[in-house]
There are 2 protein chains.
Amino acid sequence: MALEHAILVSLTERAGSGYELARRFDRSIGYFWPATHQQIYRVLRRMDEAGWVKHTEIGQDGRPDKKVYRVAAAGRAELSRWLAEPEDPAVLRDGLGVKLRGASLGSVELVLKEIERHRAEHATRLEVYRGIQKRDFPKPSGLRGRELHQYLVLRGGVRAEESFVAWCDEVIDALRKDNK
Amino acid sequence: MALEHAILVSLTERAGSGYELARRFDRSIGYFWPATHQQIYRVLRRMDEAGWVKHTEIGQDGRPDKKVYRVAAAGRAELSRWLAEPEDPAVLRDGLGVKLRGASLGSVELVLKEIERHRAEHATRLEVYRGIQKRDFPKPSGLRGRELHQYLVLRGGVRAEESFVAWCDEVIDALRKDNK
DNA sequence: GCTACCTATGCAACCAGTTGCACTGCACCT
DNA sequence: AGGTGCAGTGCAACTGGTTGCATAGGTAGC
């Protein structure tokens with residue numbers, strides 16, 4: 001598992017509350033490791049009990065109190081232990097493939113519409129990534145170290161979405177021709 | 001959820017036992033919707049109780065008896081209901097991205113090795129897909145209907161692996177240059 | 001004044017996927 | 001004779017992720 005580790009990476013970059021982490025996951029890390037606030041709160045509590053992180057309660061006026069977490073020594077140790085450990089390659093799991101495979105058992109028309117819808121969503125995500133790329137890494141050739149790594153992860157997202165959109169186009173085209 | 005539906009699609013193509021389904025998932029559908037035999041047995045029993053599939057016990061000599069499942073009317077109904085229903089776009093979830101993002105907190109050397117290892121595994125998977133493509137769809141331009149759909153799903157796998165391997169190459173190259 | 005949304009944390013129940021194990025019997029290799 | 005691997009089904013326990021709900025005060029728009 002790696003939600004623990006994703007949180008540790010994020011908290012090492014900058015301390016934050018569960019809520020803030022959930023926002024960060026929505027915007028960046030979560031593109032590669034999605035997580036809801038429920039999951040994040042639960043894991044934070046677990047890691048707190050295990051001594052991987054420590055929290056400081058911060059009273060705010062006008063807003064609810066918050067707990068700001070920062071990585072403890074044990075957390076840093078666990079993180080480098082995990083970084084050195086081999087990771088199982090991720091598997092593809094997309095219901096759209098199953099739907100396409102079964103298209104002829106239902107309405108090919110509808111499956112085609114569905115693929116067009118997915119194409120649009122992935123194209124939007126791609127635009128978001130490209131926006132981040134332009135804004136945060138306008139000159140990638142000069143990047144080094146941590147920033148380079150962040151950039152390369154983003155590149156992974158861009159490539160995945162590009163390839164998905166291209167596949168959708170291939171499918172849409174082929175299904176339309178088959179229908180004629 | 002869609003394991004039910006993945007199984008229904010597979011069983012509609014050809015009736016089979018839980019064991020046979022598990023083999024099929026290992027070889028084809030499972031590239032896009034992985035499942036272990038445990039999961040398959042459990043879901044088959046559930047679908048049997050719900051009347052979506054029916055089984056016939058087949059005694060074999062020299063081998064254990066098996067239950068051959070085939071899709072019942074209720075299963076066909078459920079399948080076309082699901083096919084017409086919108087599906088949430090799949091999310092990317094790859095620990096390797098988290099590792100790369102956190103690389104500078106551990107050993108960049110080791111993360112680089114890890115990425116090379118993943119590259120090799122995905123390249124192997126890509127070769128498997130290309131082999132299937134060559135063997136089963138030597139002339140894709142003439143394909144229609146169900147065969148076309150199967151081919152297009154395979155194309156999705158090929159594209160995903162190609163793009164992953166290309167990303168690995170980009171990362172390996174960039175990390176090596178950064179290290180110099 | 002009402003609705004809606006944001007910040008902030010959390011419980012409880014549920015569902016899906018993973019892992020480890022158990023049993024049988026044949027075939028093949030060493 | 002013993003180990004490995006294949007065919008075949010299955011239980012039990014666990015882990016991780018999802019969904020629905022609760023609470024509470026502040027701000028912004030109609």
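The sequence lines fix the lettering, A, B, ..., with proteins before strands; numbering per chain opens at 1.
- Although no hydrogens or angles enter the test, the distance criterion places a donor-acceptor pair under 3.5 Å between the side chain of A:Arg24 and the main chain of A:Ser10.
- Between the two ends of the helix from C:dG1-D:dC30 to C:dT30-D:dA1, each summarised by a five-pair axis, the helix axis turns through 30° (rounded to 10 degrees).
- Contact of A:Arg42 with D:dT19 (side chain to base): no donor-acceptor pair of N or O atoms is detected under 3.5 Å.
- Of the residues in residues 76-90 of chain B, none lies under 4.0 Å from DNA chain C by heavy-atom distance.
- Both B:Arg93 and B:Val68 sit near DNA chain D, but only B:Val68 has its closest nucleotide nearer the 5' end.
- A sub-4.0 Å separation between OP1 or OP2 of D:dG10 and a side-chain N or O of B:Tyr41 is absent.
- With respect to the salt-bridge test (charged N to carboxylate O, under 4.0 angstrom), the residues A:Arg119 and A:Glu116 do not qualify.
- Note: CD1 (A:Ile40) to P (C:dT7) measures 14 Å, nearest angstrom.
- Comparing D:dG10, C:dA16, C:dA8 by their closest approach to the side chain of B:Lys67 singles out D:dG10.
- Counting non-hydrogen atoms under 4.0 angstrom, B:Arg45 reaches the backbone sugars and phosphates but no base.
- No donor-acceptor pair closer than 3.5 Å links the side chain of B:Arg130 to the backbone N or O of B:Val158.
- Between A:Phe25 atom CZ and C:dA8 atom P the separation is 17 Å, expressed in whole Å.
- Atom pair B:His37:NE2 and D:dA12:P shows a separation of 15 Å (rounding to whole Å applied).
- For C:dA8, the OP1/OP2 oxygens have a side-chain nitrogen or oxygen of A:Gln60 closer than 4.0 Å.
- Distances shown here put a side-chain N or O of A:Ser17 below 4.0 Å from the OP1 or OP2 atom of C:dT9.
- The side chain of A:Tyr19 places an N or O atom within less than 4.0 Å of a non-bridging phosphate oxygen (OP1 or OP2) of C:dT7.
- Put simply, the side chain of B:Arg23 and the base of D:dG8 share no donor and acceptor less than 3.5 Å apart.
- Under the 3.5 Å distance criterion, the side-chain polar atoms of B:Asp178 are left unmatched by any main-chain donor or acceptor of A:Arg144.
- No salt bridge links A:Glu20 with A:Arg14; every basic N to acidic carboxylate O contact stays at or beyond 4.0 Å.
- The separation between B:Glu49 atom CD and D:dG10 atom C1' is 14 Å, rounded to whole Å.
- Atom-to-atom, CD1 of A:Ile7 to P of D:dG16 comes out at 12 Å; the value is rounded to the nearest Å.
- Judged by distance alone, the side chain of A:His118 and the main-chain N or O of B:Glu87 form a donor-acceptor pair under 3.5 Å.
- A donor-acceptor contact shorter than 3.5 Å links the side chain of B:Lys99 to the backbone of A:Glu85.
- Of the possible polar contacts, none joining the B:Trp167 side chain to the A:Val153 backbone as a donor-acceptor pair under 3.5 Å is found.
- A:Arg93 contributes a side-chain N or O that, together with a main-chain N or O of B:Pro34, makes up a donor-acceptor pair within less than 3.5 Å.
- Here D:dG8 is the nucleotide among D:dG8, C:dG10, D:dG10 with the atom lying nearest to any side-chain atom of B:Lys66.
- Comparing atom distances between the A:Thr36 side chain and each of C:dG17, C:dT7, D:dT18 picks out D:dT18 as nearest.
- Atom pair B:Leu44:CG and D:dT9:P shows a separation of 9 Å (rounding to whole Å applied).
- Side-chain to base pairing of A:Gln38 with C:dG10: one donor and one acceptor N or O lie within less than 3.5 Å of each other.
- Separating the CZ atom of B:Arg27 from the C1' atom of D:dC6 is a distance of 14 Å, rounded to the nearest angstrom.
- If you take CD of A:Gln39 and C1' of D:dG17, they are 5 Å apart, rounded to a whole angstrom.
- No donor-acceptor pair closer than 3.5 Å links the side chain of A:Arg155 to the backbone N or O of A:Gln133.
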